A.B. asks: 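Before I ask anything, let me first share the structure, which is written out below as structure tokens.
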Amino acid sequence: MTVETKPSNVNDSNQEAEPDQLLDDEGNKNPPVKKTSSCAGLKVFLAALSFSYFSKALSGTIMKSSITQIERRFDLTSSTAGFVDGSFEMGNLLVIAFVSYFGAKLHRPKVIAVGCFTMALGCFLSAMPHFFMGYYKYETTSHTAASANLTSIISPCSLHQDVNDTVLEVSRSGCEKEPSSYMWIYILLGNMLRGIGETPITPLGISYLDDFAKEENVPVYVACLHTIAMMGPMFGFLLGSLCAKLYVDIGFVDPGSITITPQDSRWVGAWWLGFLIGGATSFLSAIPFCFLPRSLKKPEEASKDKTSHSLLESMGATRNKLSPEKPKPRKWSLILKDFCNSLKKVLGNRMYFTFLCCSLLQFSGFIGFLTYKPKYMEQQYGQSTSKSNFLIGMTSLPPVGIGIFLGGLIMKKYKMGIIGATKFSFIMSFLSYAISLLHFFVGCDNYVVAGMTVSYEGNPILYHNNSLFSECNSHCKCASNTWDPVCGANGITYVSACLAGCTTSTGHGKNTVFHNCRCLQINSSWSGNTSATLGQCPKSNDCSMNFIYYTVIQVIGGFCYALGATPSYMLIFRCVQPELKALAVGLYTLAMRMIAGIPAPVYFGAAIDKTCLKWGSTSCGKQGACRLYDSNAHRYVFLGLGAILRGPSYLVGIIFYILIKKQFQNKNCRPLENGQEDAAMNEEDNCKIKEHLPGCSDVENESSI
């Protein structure tokens, strides 16, 4: 024994030099194997994964920016449109468990490629109804008259019953030719497919990077992914803005025959074009993954260390080492028992459970607000869908991205522990909540619509169905369910030219002007002309100023909320045991999607539907999409529901802070105790475990992501 061990003690330098020499010999024997190929392959994978992050964010934003267009095109209620939007979460939940467990055992790049192809298929399926439904026919009296093939010009005020019979007959024939009203199901299925396809990208992509990248580079790579992913929503809303400007049947309909503008509540933009672009982007993002290997070489240092160790073993340093036994397969009953025990530990953790409840309330209010934010800007401030999407992409998202980044820098600079992160996140979130309450004070009044929000004399009234008719239009045979608004010279909007009592018209298309409108003469304070033009009257200048205030409040509130987002996200990892982190994050994601992501758009939409004053109608006489909302009721319901959901979350947040402070009150090792509330762990053990659990240094590294 002494003969064998003596050279190793005396000649250390030679012993250390031998493995390096052998490594060189091995490299000379096998020249095709280069370590730089791992680096090159990892860079290609990172670039491909970044593009897939961008494409999935782009496709998701296109859906959000098109929800109003889809609602109008398919004559849906807001609650049904919210159900369609929530189908993405449903698809995600269908396969998330399968992908999380089996995905890592398969060829991960190819699984991601299949996911991207599935996303592309979902986008193309969502756009498909446009090509099978025929041209969009919005409700308008002038369109009906033109389709009657009448040689004479019909007066808006139809004085003869036979004219109404002709219009009714044409309407019924259009009803017979109308395609199925359930084509929106294809959009639901396409959105669900997109949710299925997105599932493997994040878990398998991040795990692939973590396995084959240097440990110190992983946070940088993840930061790059999130930075590029933030560009997806920005481009998505800008693309949605561009598509909303274009008429839905662009290229197939004479623009001169269109009598509505993008500001009109009947306007439908080219919603399908965004899905085609999103599908093409997702398809392109899948191609690089098809050519990536199943695994890459480990980082250079790790490979060298492991090779050196194996060479030392071959030289006899560990000759007597026994071969490891083959692990025995575990029974499903034991796996299930372990899972139940782990689930019980996570849900039994009071800190984690209170944080989960707080996040559920916050996320429910956030997802409902984000889904219907473009609609709110349209109905409350009279903005077009195109302008709403443009402003969201240019004013709301950049401050959020900057806030997330600065939040990580602040967390790193001041070396925040878990107590400091909790306090900072709570303060920023509550400040954002307080700022958002200012939205209640910068709303606009209702549109001035005769017979609905004001009387024909111009006095405010409560809405009644029978108030649409007055003495000024009693001699006309007007339909009460048609929405074809005209703006009177007196600043009052009338539901149709017929209900305004107009008898003649001049011009064509958008330039049509109606004359001799008797209902304009009822208002004693008006002595001007009695003409009316197509479209609703614009809102007041005060409303335009309030919209600027709304935008400023939105930017400041979003920035403050984003500042606390990174510290808040890190709390998930800090309040549970290290071995339970994966389960805690998975359970958190599952709860957010199932309890908040799916139902929130539905009940927000149902609440918004209650504020509708005037529903549109299809050619079959069925209820269509809402054309006019009660602006005051819409503001209080939409903002109030979000405030009611978020308000109690801060009471739960206070409880969470008390639990955190009680558990992590040790000043010397403040960020390092795990979430299991073990009283037996003393101060010395806490400081020793600092080397293994995510601690101060880990917080600094991960917060910069």
Side-chain angles (χ1 to χ4, degrees), residues 53 56-57 59-61 63-64 82-100 191-192 194-203 206 226 229-230 232-233 342-343 346-347 349-373 400 404 407 422 425-426 429 432-433 558 561-562 564-576 580-605 641-642 644-650 652-653 655-656 675 705:
Y53 263 64
K56 74 184 181 71
S59 301
T61 311
M63 183 67 200
K64 293 290 184 186
F83 178 70
V84 173
D85 182 68
S87 62
F88 173 84
E89 313 291 348
M90 301 176 197
N92 205 285
L93 290 175
L94 285 176
V95 296
I96 191 170
F98 177 83
V99 169
S100 299
N191 204 34
M192 190 177 293
R194 198 170 55 79
I196 293 173
E198 192 203 35
T199 307
I201 295 177
T202 297
I206 298 298
H226 286 284
M230 279 300 298
S342 299
L343 186 64
V346 172
L347 293 179
N349 186 331
R350 290 183 294 174
M351 291 182 295
Y352 177 81
F353 187 76
T354 52
F355 182 78
L356 181 65
C357 294
C358 180
S359 299
L360 279 173
L361 292 171
Q362 288 274 342
F363 192 68
S364 295
F366 170 76
I367 198 69
F369 182 82
L370 181 62
T371 302
Y372 296 104
K373 184 178 179 180
V400 171
I404 292 174
T422 304
S425 177
F426 180 87
S429 181
S432 170
Y433 176 71
Y561 187 84
T566 299
S568 176
Y569 185 74
M570 301 310 300
L571 294 177
I572 308 174
F573 303 97
R574 299 294 179 254
C575 61
V576 294
L580 298 176
K581 283 182 182 180
L583 179 61
V585 174
L587 187 62
Y588 179 87
T589 305
L590 179 69
M592 291 302 109
R593 293 185 182 277
M594 182 174 290
I595 304 177
I598 295 175
V602 177
Y603 59 72
F604 262 83
L641 185 55
I644 290 172
L645 286 171
R646 290 182 62 186
S649 70
Y650 296 105
V652 182
I655 298 174
F656 175 74
I705 298 174

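Side chains are part of it too, since the values below use all heavy atoms of this structure and drop only hydrogens, waters and symmetry mates. Only a predicted model underlies this, so the values are computations on that prediction, with no experimental measurement involved.
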A.B. asks: If every non-hydrogen atom of L645 is compared with every non-hydrogen atom of F604, which pair is closest and at what distance?
C.D. replies: CD1-CE1, 3.8 Å

A.B. asks: What are the two closest heavy atoms between S364 and I595, and how far apart are they?
C.D. replies: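 Looking at all heavy atoms of both residues, the closest pair is OG-O, 4.4 Å.
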
A.B. asks: Might you work through the side chain to side chain contact (heavy atoms under 4.5 Å, CB included) test for L356 and Y588, ending with a clear yes or no?
C.D. replies: CA-CA 7 Å; L356 181 65; Y588 179 87; 3.8 Å; yes

A.B. asks: When you look at Q362 and Y433, which way does the side chain to side chain contact (heavy atoms under 4.5 Å, CB included) test go after all the steps?
C.D. replies: CA-CA 10 Å; Q362 288 274 342; Y433 176 71; over 6 Å; no

A.B. asks: Once ring-ring contact (aromatic ring centres under 6.0 Å, His included) is applied, do any residues pair with F656, and if so which ones, sequence neighbours excluded?
C.D. replies: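 F656 satisfies ring-ring contact (aromatic ring centres under 6.0 Å, His included) with F355 once adjacent residues are dropped.
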
A.B. asks: Could you give the distance from NZ (K373) to OG1 (T371), rounded to the nearest 0.5 Å?
C.D. replies: 12.0 Å

A.B. asks: Taking the side chain as everything from C-beta on, heavy atoms only, tell me whether M192 gets closer than 4.5 Å to L94.
C.D. replies: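 SC-SC contact between M192 and L94 confirmed.
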
A.B. asks: Under the salt bridge (Lys or Arg N to Asp or Glu O under 4.0 Å) rule, what pairs show up with a residue in residues 84-98, not counting sequence neighbours?
C.D. replies: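 Every salt bridge (Lys or Arg N to Asp or Glu O under 4.0 Å) pair that includes a residue of residues 84-98, provided the two are not neighbours, is K64-D85, E89-R593.
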
A.B. asks: At their closest point, which heavy atom of P601 faces which heavy atom of I367, and how far apart are they?
C.D. replies: CD-CG2, 4.4 Å

A.B. asks: First locate atom OG of S649, then atom CZ of F363, and finally report the distance between them rounded to the nearest 0.5 Å.
C.D. replies: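 Here the rounded value is 13.5 Å.
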
A.B. asks: So, for Y561 and S429, which heavy atoms are closest and what is the spacing to 0.1 Å?
C.D. replies: CE1-OG, 3.7 Å

A.B. asks: With sequence neighbours excluded, tell me which residues meet side-chain contact (heavy atoms from CB on, under 4.5 Å) with L347.
C.D. replies: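 side-chain contact (heavy atoms from CB on, under 4.5 Å) list for L347, sorted by chain: L343, L587.
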
A.B. asks: Could you pull out all residues at least two apart from S59 that satisfy side-chain contact (heavy atoms from CB on, under 4.5 Å)?
C.D. replies: C123, R194, S282

A.B. asks: Return yes if some donor-acceptor pair links the side-chain N/O of Y352 with the main-chain N/O of A584 below 3.5 Å, else return no.
C.D. replies: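 Yes, the answer is positive, given that a donor and an acceptor are paired below the 3.5 Å cut-off.
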
A.B. asks: How long is the span from the CE atom in M230 to the OH atom in Y53, to the nearest 0.5 Å?
C.D. replies: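 With rounding to 0.5 Å, CE (M230) is 14.0 Å from OH (Y53).
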
A.B. asks: Go through the structure and list residues passing ring-ring contact (aromatic ring centres under 6.0 Å, His included) with F426, not counting sequence neighbours.
C.D. replies: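 Checked F426 against ring-ring contact (aromatic ring centres under 6.0 Å, His included); matches are Y650.
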
A.B. asks: Taking the side chain as C-beta and beyond, is there a heavy-atom pair between M90 and F83 under 4.5 Å?
C.D. replies: yes

A.B. asks: Applying side-chain contact (heavy atoms from CB on, under 4.5 Å), can you list everything that pairs with L370, at least two apart in sequence or on another chain?
C.D. replies: F366

A.B. asks: Could you walk me through whether M63 and V84 pass side chain to side chain contact (heavy atoms under 4.5 Å, CB included), step by step?
C.D. replies: CA-CA 10 Å; M63 183 67 200; V84 173; 3.7 Å; yes

A.B. asks: I need the minimum non-hydrogen distance between T354 and I655, along with the two atoms involved.
C.D. replies: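 Distance-wise, the nearest heavy atoms are CG2-CG2, 4.2 Å.
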
A.B. asks: For side chain to side chain contact (heavy atoms under 4.5 Å, CB included), just list the numbers for L93 and I598, CA-CA rounded to whole Å, side-chain angles, deciding distance to a tenth of an Å, and then say yes or no.
C.D. replies: CA-CA 10 Å; L93 290 175; I598 295 175; 3.8 Å; yes

A.B. asks: Please give me the minimum heavy-atom distance between G82 and Y372, naming the atom from each residue.
C.D. replies: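 Taking every non-hydrogen atom into account, CA-OH, 3.2 Å.
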
A.B. asks: Rounded to the nearest 0.5 Å, what's the gap from OG1 on T199 to CG on N92? Could you check?
C.D. replies: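 Spacing of OG1 (T199) from CG (N92) equals 3.5 Å.
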
A.B. asks: Check whether any side-chain heavy atom of M592 lies under 4.5 Å from a side-chain heavy atom of L360, and answer yes or no.
C.D. replies: yes

